[in-house]
Amino acid sequence: MRPAKVPAAPAVSGPTRFDLTDFLTTRTAAVNAALAGFLPRPTAKPATIHRAMHYSLFAGGKRMRPALCLAAAAACGGEEQEAMPLACAVECIHTYSLIHDDLPSMDNDDYRRGKLTNHKVFGEGVAVLAGDALLTQAFEIVAQARGWPRYAHGQLVLEVARASGSLQLIAGQVADLEGEGKKISAAQLRYIHERKTSALLCCSTRLGGMSANCTPAQLAALTDFGYHVGLAFQIIDDILDVTQTSEQLGKTAGKDTAAQKATYPAIIGLEKSRKIAAKLTERAFGALQPFRGRAVALEALATYLLERNK
Ligand code: GRG
């Protein structure tokens, strides 16, 4: 979602210390525990589908979307626990999209999150169903969440549906598939990144804010932040695809080039791509000004996402 303009408030001055490693370790553990509570056990009948869902969901993803959701709630003065179901729902949708993206009919990948892809272990049919089941699981989780004075329960459901629907996540994937092997413009590439990546990151920060009953100005700031962090995230992802090894990434490196995908590095080169990602991250920092120093976790996450090497 394109952000609305937010009037900037002066930031609180002074150094902020934030232990991102501790934040990510503790939040990943909490998210994993919550996810395990939401999902049927891997032994639940039929065990194959539940094992397949668990396999990809607990394969070691970075949990960036849940982290952004929880950090956004904290920035708005909310309880992270209130954001937890929404953070889990977004991770289920993200994992479903990865399972389907890896299928032979899409990107045809053998490795994801450092392990064999879902279809390589369970077969294509079960992998399709595991993706479907995780998408459905996401909506079951959101259906059980609660609404807030400013954000009715239905609005939360709508938020998730829109971000993952045919105008956003799916639109990005369709445009990505259709763009393979073709020369596409920078504007078209931006369209793809906005949808296949930024939409879900933006949805994560917005849901975090909503779970804290944030003000409209805060929601606009979180939209602006999530949008720009999402765009930077995809450019970095494209850069890592050509600069890192498969072992480092836990998935096949160099796939974009092999599939003749349009990426920023392919269109404008690595150095310019790095500069654009840094500029987008600066824009994301700018969006946090209304939080006046209370968005330390979001700031740290934006920096990490820009500087990450996997
Ligand atoms: C609906 C099938 C379908 C696809 C939608 C999300 C997507 C489009 C495709 C998945 C592959 C891809 C390149 C997505 C772009 C976003 C992205 C860079 C995903 C990888 O996210 P990370 O790095 O992954 O957060 P982990 O494994 O750490 O969670």
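Residue numbers start at 1 and run along the sequence shown. What you see below is based on every heavy atom in this structure, not just the backbone, and it leaves out hydrogens, waters and symmetry mates. None of the values given here were measured: they were computed from a predicted structure. We count ligands from 1, going down the list as the structure has it; atoms in each ligand are counted the same way.
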Can you check whether Y151 reaches E159 side chain to side chain, under 4.5 Å on heavy atoms?
-> no
| field | Cation-aromatic face contact K272/Y264, 6.0 Å, 45 degrees | value | no
Next item on the list: Taking the six-membered ring of F233 (Phe, Tyr or Trp), confirm whether the NZ or CZ of R308 is under 6.0 Å from its centre and within 45° of its axis.
Entry: yes
What's the verdict on salt bridge (Lys or Arg N to Asp or Glu O under 4.0 Å) for E282 and K279, showing C-alpha distance, side-chain angles and the deciding distance?
CA-CA 5 Å; E282 277 302 316; K279 241 188 191 150; over 6 Å; no
Sorted by chain and residue number, the residues with a non-hydrogen atom under 4.0 Å of ligand 1 are G61, K62, R65, H94, Y96, S97, L98, H100, D101, R113, L169, I170, Q173, K196, T197, F233, Q234, D237
*asked:* With a 6.0 Å cut-off (strictly less than), is the heavy-atom count around CD of Q260, excluding the residue itself, greater than 12?
replied: no
The single option from D237, D241, D107 that satisfies salt bridge (charged side-chain N to carboxylate O under 4.0 Å, His left out) with K251 is D237
